[in-house]
Amino acid sequence: MANEYYEFFCPVKMVAGFKALEHIPFELTSHGASRPLIITDRGVRGVGLVDIVTNALDAVEMQAVDIFDDVPPDSSMLTVTTIANLYREKSCDSILAIGGGSVIDTAKGVNILVSEGGDDLRAYSGTGVVKKALKPFFVIPTTAGTGSETTNVSVIRDDESGAKVPFVSPFLLPDAAILDPRMTLSLPPKITAATGMDALTHAVESFIGLAKNPISDAYAASAIKKITNNLADVLRNPSDATGRLELAQASTMAGIAFSNSMVGMVHSLGHSVGAKCHVPHGMCMSIFLPYVLEFNLEECRENIGELLLHLAGPDVYAATAVADRPRKAIDTIVALKEEMYALCELPRKLSETGSVTEADLEEIAHMALDDGSMMLNRIDATFEQALAVLKKAF
Amino acid sequence: MLPIKKGFEADIDYDYQRLYVSGMMKLISQMLKAGSQVDDVIKAEVAEMPEGFVFRMAVTPGTLKLTMKKQDGRLVDLPADYTGKPDLTMTFKHVTFAFLVFSFQEHTAQAYANERIILDGNVPMSMKVVRSLNRLQTVILPKIVAKKAVKTYPDLALVQKLQVTTKTYGQFLLNLVKER
C-alpha cells in the first residue's frame, strides 16, 4: 500500500565505479578544500586501503594533512573531541572518512564540532539541532552494508553515561560518497556476507514498511536485485571487482531507501541482540529477516509477494501463482541464508552464533519493544509475539 | 494520482481544527492521567519510565501542547506555562496533522511514517508513551473507531474492555471532582 503522503531526500553526490578514488582531489577543490583530515580505523589502514586514497591525492600534489586511525568499533564522544582538536590544530578544511559505520558516524560527529564550534558534542544531540551547512565532508565506505553514507543520522556513545546518543540533521549527510571496488576487495568472506545481508534487510524492510513510498521502493527493488545477483558470486570469487562494485552500489541504494522510509522489526530485534549479546549487526539481520517476514505476512502479503520479482527474477515470479509468491519470496531468502552458511558459515540461527543463550531471549524481546524501529513495523508486536519470533530464530 | 482522505476534502477551517485539537489534548491528558492510575497495561508502561520523566505533545509553533510528568508512579499533567525542557517531545508540524490524528483519520505511527511528527528525545520512552496512548484509545473509544486510531488493534475481549473502560472513565470523573 502506498502512503498518501511521503517525503524523499538524498542530496549526496555519488561518485562510483572504476577509479572513483581518483576523483577525490577534484571533489575537494570543487568545495574549496585542499587540507583534508582522514578519519579511519586501524583495520582499514592496516590492509592498505588508506594508502590507495593518499596515493591518489599525492599524484596531484594534494596531501592529507593528517590521518587519525584510532576510531573504535563503537564510536565515542571522547574520540570525536580528540579528532576535532586534531582538525583544529592542523588547520584542516575538510574531512575524508574511510571505513564502515563507526568511522562514518564518528566523522559526522567531528564535522558537527569543527563546524559549529565547542567541545561538547552533547549540545548538538537530538533532531534538527544542527541547522546550517557543515565543512566539506566525503565518505569512502569500506564495507557494503551499513548505508551510513546516505543517512542523516549519527549515533555516538557518551563515554560518561554509556548511552548511545543520536544526532539527526540533513546537514550531517556527506557532500559525496565515493564507491570504488578497490575499497571492498579485501573484505573477508563472512563480513562480506553479513554486510550484504544487512543491505538486503535495509532494502526489504524499506519495501514493506509503513513509510514505504514509490521512490524509496525503486531504490530498494534495485538494491535487492543487485544483492541476490552478486552476493554468492562474490563469495565464490572475492576478487570479482565488478561484483564488489555492484554490492557497494546496492548497499548505498538500500541506504537511500531506508533513510527515507525507515526499517522495522528485524532491526528492533537485531539492535537488541547486538546490545545484549554483541552479535554483529549484519549477522542478526540475516538471521531474523525471514522470521519477521513471516510474522508480518498477513499484514503485507502483497508487498512480500512483490519482493519475489526482485529476489528471484522475472522467470520465477511469472511461474509462481500470485497466492504463492509471498511464501516463495520468504523461501528464497531462506535459501540465500543456506547458501551463505555453505559458503562462509554465516549463522542461520541465534544458537549458531555462540553468543546467545535461550535464557537471554526474554530480555531481548523486552528491549526490542522499546526500539524505535518497531514504530514503523506493519504490526505492533506484543512481548509474547516478539518472544515467539526470537524462539523460532534461536 | 494520490488518494485524498476525507479529512482533506472536508477543508475544515483551521480555527475549528485548533479548537478541536486543543479540546482533545485536554481530554487525552486527563484520560491518560486516569489510565495511569487504574489500567494495568498503562501502569506497566509508566512503571518503566523514570520518576520525574516529562513528555510533551505539541503542535507547531507550540501554543497547543500537553505536557505530562511521571510523579509518584503515575502521570500528572503539567501547566501550560511549564518552562522546563521535556525528556521527550512529539511535535506535529501543523495543526492539520494533529487534527488528522485526533480525529482518528490517521494513527500516530502512520503520522510519524508520513513525516507529520518530529520526535525529539528518549526513543525507548517514546515507544512507551505511544503504546500508552494506543492502549488508552483502544480502551476509551468504541472498537470501530479505535481500529482506525491504532496501528494494531489488540486481542481484547468485550467484557475485559468494558471493565477497563468503566474503570478509566470512572477515575477520570473522580479526578475531575477532586480537582474542583
Side-chain angles (χ1 to χ4, degrees), chain A residues 1-9 125-129 153 155 161 163-170 206 209-214 216 260-265 267-268 271-272 275 295-296 298-300 366-386, chain B residues 1-9 41 44-45 48-50 60 85-91 93-94 96-97 100 105-135 137-138 147 149-156:
Chain A
M1 179 192 76
N3 284 331
E4 291 86 348
Y5 176 86
Y6 68 87
E7 293 178 6
F8 186 92
F9 181 70
S125 68
T127 303
V129 180
V153 181
V155 180
S161 67
K164 293 204 168 187
V165 182
F167 301 81
V168 186
S169 164
S206 146
L210 207 58
K212 77 193 254 79
N213 67 66
S216 70
N260 281 280
S261 49
M262 318 271 199
V263 286
M265 188 175 167
H267 276 76
S268 310
H271 291 155
S272 306
F295 174 71
N296 281 319
E298 284 316 307
E299 199 58 42
C300 48
H366 195 74
M367 289 165 74
L369 298 186
D370 285 344
D371 187 273
S373 304
M374 194 66 91
M375 181 84 87
L376 297 183
N377 195 62
R378 293 289 280 268
I379 299 173
D380 272 335
T382 61
F383 170 77
E384 290 76 17
Q385 288 170 328
Chain B
M1 189 177 158
L2 296 172
I4 303 296
K5 277 195 164 183
K6 280 185 178 172
F8 290 103
E9 285 173 337
V41 175
E45 296 290 356
E48 293 190 8
M49 298 173 188
T60 304
K85 181 172 165 48
D87 300 291
L88 170 71
T89 305
M90 302 162 75
T91 308
K93 292 177 179 174
H94 194 279
T96 289
F97 306 154
L100 284 173
Q105 297 177 64
E106 191 168 86
H107 56 70
T108 311
Q110 190 64 58
Y112 180 63
N114 290 359
E115 311 266 0
R116 307 200 204 277
I117 297 177
I118 302 166
L119 277 183
D120 191 14
N122 190 315
V123 174
M125 290 303 139
S126 74
M127 299 302 291
K128 294 183 195 305
V129 170
V130 169
R131 283 199 297 271
S132 298
L133 286 167
N134 285 346
R135 169 68 178 186
Q137 292 180 103
T138 57
K147 283 180 91 167
V150 298
K151 185 175 29 165
T152 308
Y153 190 82
D155 190 14
L156 189 64

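Source: prediction; values computed, not measured.
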Novice: If I take atom OH from residue A:Tyr5 and atom CD from residue B:Glu106, how far apart are they, to the nearest 0.5 angstrom?
Specialist: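 Reported value, rounded in 0.5 Å steps: 11.0 Å.
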Novice: Of all heavy-atom pairs between A:Met375 and B:Ala109, which one has the smallest distance, and what is that distance?
Specialist: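 For A:Met375 versus B:Ala109, the nearest heavy atoms are O-CB, 3.5 Å.
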Novice: Minimum heavy-atom separation for B:Lys93 and A:Glu7, please, with both atom names.
Specialist: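 Looking at all heavy atoms of both residues, the closest pair is NZ-OE2, 3.6 Å.
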Novice: Working to the nearest 0.5 angstrom, can you tell me the gap between B:Arg131 CZ and A:Asp380 CG?
Specialist: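 Interatomic distance, B:Arg131 CZ to A:Asp380 CG, rounded to 0.5 Å: 8.5 Å.
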Novice: Does any backbone or side-chain atom of B:Asn134 lie under 4.5 Å from a heavy atom of chain A? Answer side chain, backbone, both or neither.
Specialist: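 Answer is side chain: those atoms of B:Asn134 sit under 4.5 Å from chain A.
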Novice: Please tell me if the side chains of B:Lys128 and A:Asp370 come closer than 4.5 Å, counting only heavy atoms from C-beta onward.
Specialist: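 They are in contact (side-chain heavy atoms under 4.5 Å apart), so the answer is yes.
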Novice: With a 4.5 angstrom heavy-atom cut-off, which part of A:Met374 approaches chain B: side chain, backbone, both or neither?
Specialist: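 For A:Met374, heavy atoms of backbone and side chain both lie under 4.5 Å from chain B.
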Novice: Rounded to the nearest 0.5 Å, what separation is found between the NE2 atom of B:His107 and the CG atom of A:Leu210?
Specialist: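 Going from NE2 on B:His107 over to CG on A:Leu210, the span is 5.5 Å.
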Novice: Relative to chain B, which of A:Asp371, A:Thr382, A:Ile379, A:Leu369 shows the most heavy atom pairs under 4.5 Å?
Specialist: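 Result: the option with the highest number of such pairs is A:Leu369.
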Novice: Examine whether an atom of B:Val130 lies under 4.5 Å from a heavy atom of chain A, and if so say whether it belongs to the side chain, the backbone or both; otherwise answer neither.
Specialist: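 The answer is the side chain of B:Val130.
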Novice: Could you check whether any side-chain N or O of A:Thr127 sits under 3.5 Å from a backbone N or O of B:Leu119, counting only pairs where one atom can act as donor and the other as acceptor?
Specialist: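 Yes: the side chain of A:Thr127 pairs with the backbone of B:Leu119.
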Novice: Which bit of A:His366 is near chain B, if near means a heavy-atom gap under 4.5 Å: side chain, backbone, both or neither?
Specialist: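 Looking at A:His366, just its side chain touches chain B.
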